[in-house]
Amino acid sequence: MAEAQQGFQGMPANTAELDMIEVGNLSFAVEYRHVGFEEGPSVHVFGELEGSFEEILRFDCFNKAPHYHYGFSYIDQPPVPIDPAAVGDPLAWVCRCIQTRLPEMLARAEASALGADCNRESLLNVAETLEKRGRDLMPNA
């Protein structure tokens, strides 16, 4: 991994309270979060980097300003906005990204080695499970 700065753009996920989905060397979870005046499902992707369990990607599908983070727990990078006008429903878009673009996103997060176990069938199952769980957590679901 390149020289990465340690730092959080927000609060780290409490992995002890998340219902993890394990696939190869990756772990996935979704939770409903309230942050200030924002709320919505957050999708997490975890993996081991240099002997440490890290949050590789975080997708905050918030009501007002949905966004995502590369290398959430180990790279000091700004959040990337998700434009609902362009992508439609943020949670559905995130799950499509996990299904079809995860290896590329892991590489961007300086975690390309973790993409080796990504196969289309397992990622489809993960994406479907995450979307269902995320929808079930939403008010008025």
Side-chain angles (χ1 to χ4, degrees), residues 1-50 52-141:
M1 182 168 49
E3 294 283 327
Q5 296 180 345
Q6 292 291 329
F8 295 102
Q9 299 85 1
M11 294 301 297
N14 183 348
T15 56
E17 294 182 4
L18 295 175
D19 185 9
M20 297 286 206
I21 302 167
E22 309 287 336
V23 176
N25 55 8
L26 294 169
S27 299
F28 302 83
V30 63
E31 65 179 324
Y32 196 88
R33 296 176 58 230
H34 296 267
V35 180
F37 294 106
E38 280 281 36
E39 66 179 275
S42 287
V43 176
H44 309 272
V45 180
F46 302 94
E48 189 170 314
L49 293 175
E50 298 178 0
S52 180
F53 190 70
E54 302 287 354
E55 187 168 8
I56 311 299
L57 300 165
R58 176 182 286 186
F59 302 91
D60 293 316
C61 303
F62 292 153
N63 295 337
K64 296 177 186 167
H67 60 275
Y68 60 99
H69 306 265
Y70 287 106
F72 180 83
S73 62
Y74 57 91
I75 301 174
D76 188 17
Q77 290 189 350
V80 179
I82 299 172
D83 181 2
V87 304
D89 175 64
L91 181 59
W93 177 80
V94 164
C95 292
R96 281 192 309 274
C97 286
I98 288 172
Q99 180 186 348
T100 62
R101 305 289 306 162
L102 188 60
E104 294 84 357
M105 294 184 89
L106 292 170
R108 170 82 187 275
E110 300 180 14
S112 57
L114 295 175
D117 285 346
C118 295
N119 71 59
R120 189 165 296 283
E121 185 176 331
S122 63
L123 292 179
L124 171 62
N125 292 335
V126 166
E128 289 175 347
T129 302
L130 289 170
E131 186 168 3
K132 180 181 181 335
R133 288 182 182 180
R135 300 251 178 257
D136 289 346
L137 293 170
M138 295 172 126
N140 304 318

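Only heavy atoms go into these numbers, but all of them, side chains included; no hydrogens, no water, no symmetry mates. Throughout, numbering of the chain's residues begins at 1 and tracks the sequence.
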In the structure I gave you, are the side-chain heavy atoms of [X] and [Y] within less than 4.5 Å of one another anywhere?
X	Y	result
Pro139	Glu39	yes
Phe59	Val30	no
His34	Tyr32	yes
Val45	Leu114	no
Tyr70	Arg58	no
Phe46	Phe28	no
Val94	Tyr68	no
Val126	Leu130	yes

**OP:** For side chain to side chain contact (heavy atoms under 4.5 Å, CB included), just list the numbers for Cys95 and Glu128, CA-CA rounded to whole Å, side-chain angles, deciding distance to a tenth of an Å, and then say yes or no.
**Re:** CA-CA 7 Å; Cys95 292; Glu128 289 175 347; over 6 Å; no

Subject >> Side-chain donor-acceptor pair present, Glu31, Ser42, cut-off under 3.5 Å >> reply: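 Their side chains do not contain a donor-acceptor pair, so the 3.5 Å distance test is not met.
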
Subject >> Ring geometry between His69 and Phe72 (parallel below 30°, tilted from 30 to 60°, perpendicular above 60°) >> reply: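 If you compare the ring of Phe72 with that of His69, the planes turn out perpendicular.
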
Original post:
Where does the angle between the aromatic ring planes of His67 and Phe62 fall among parallel (under 30°), tilted (30 to 60°) and perpendicular (over 60°)?
Top reply: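 Ring orientation of His67 relative to Phe62: perpendicular.
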
Quick check for you: to the nearest 0.5 Å, what is the distance between [X] atom [atom1] and [Y] atom [atom2]?
X	Y	atom1	atom2	result
Leu91	Arg96	CG	CZ	10.0 Å
Ile21	His44	CD1	NE2	11.5 Å
Leu124	Ile98	CG	CD1	12.0 Å
Ile56	Ser73	CD1	OG	6.5 Å

Original post:
Listed by chain and number, what are the side-chain contact (heavy atoms from CB on, under 4.5 Å) partners of Glu121, not counting sequence neighbours?
Top reply: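 Glu121 satisfies side-chain contact (heavy atoms from CB on, under 4.5 Å) with Asn119, Asn125 once adjacent residues are dropped.
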
**OP:** For Cys118, check side-chain contact (heavy atoms from CB on, under 4.5 Å) against everything at least two apart and list the hits.
**Re:** Leu26, Leu102, Pro103, Leu106, Leu123

Original post:
Any donor and acceptor pair, going by atom type alone, linking the side chain of Glu38 with main-chain N or O of Ala65 inside 3.5 Å?
Top reply: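 Yes, the answer is positive, given that a donor and an acceptor are paired below the 3.5 Å cut-off.
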
**OP:** For the pair Ser112 (side chain) and Ala107 (backbone), establish whether a donor and an acceptor sit closer than 3.5 Å, ignoring hydrogens and angles.
**Re:**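 No, because the side chain of Ser112 does not come within donor-acceptor range (under 3.5 Å) of the backbone of Ala107.
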
Original post:
Where is the tightest heavy-atom contact between Pro79 and Pro81, given as atom of each residue plus distance?
Top reply: O-CD, 3.7 Å

**OP:** Applying side chain to side chain contact (heavy atoms under 4.5 Å, CB included), run through Glu48 and Asn25 and close with a yes or a no.
**Re:** CA-CA 7 Å; Glu48 189 170 314; Asn25 55 8; over 6 Å; no

Original post:
Can Arg135 and Glu131 be said to form a salt bridge (charged side-chain N to carboxylate O under 4.0 Å, His left out), step by step?
Top reply: CA-CA 6 Å; Arg135 300 251 178 257; Glu131 186 168 3; 3.0 Å; yes

Subject >> Residue pair Glu54, Ser52: steps toward the side chain to side chain donor-acceptor pair (under 3.5 Å) verdict >> reply: CA-CA 6 Å; Glu54 302 287 354; Ser52 180; 2.9 Å; yes

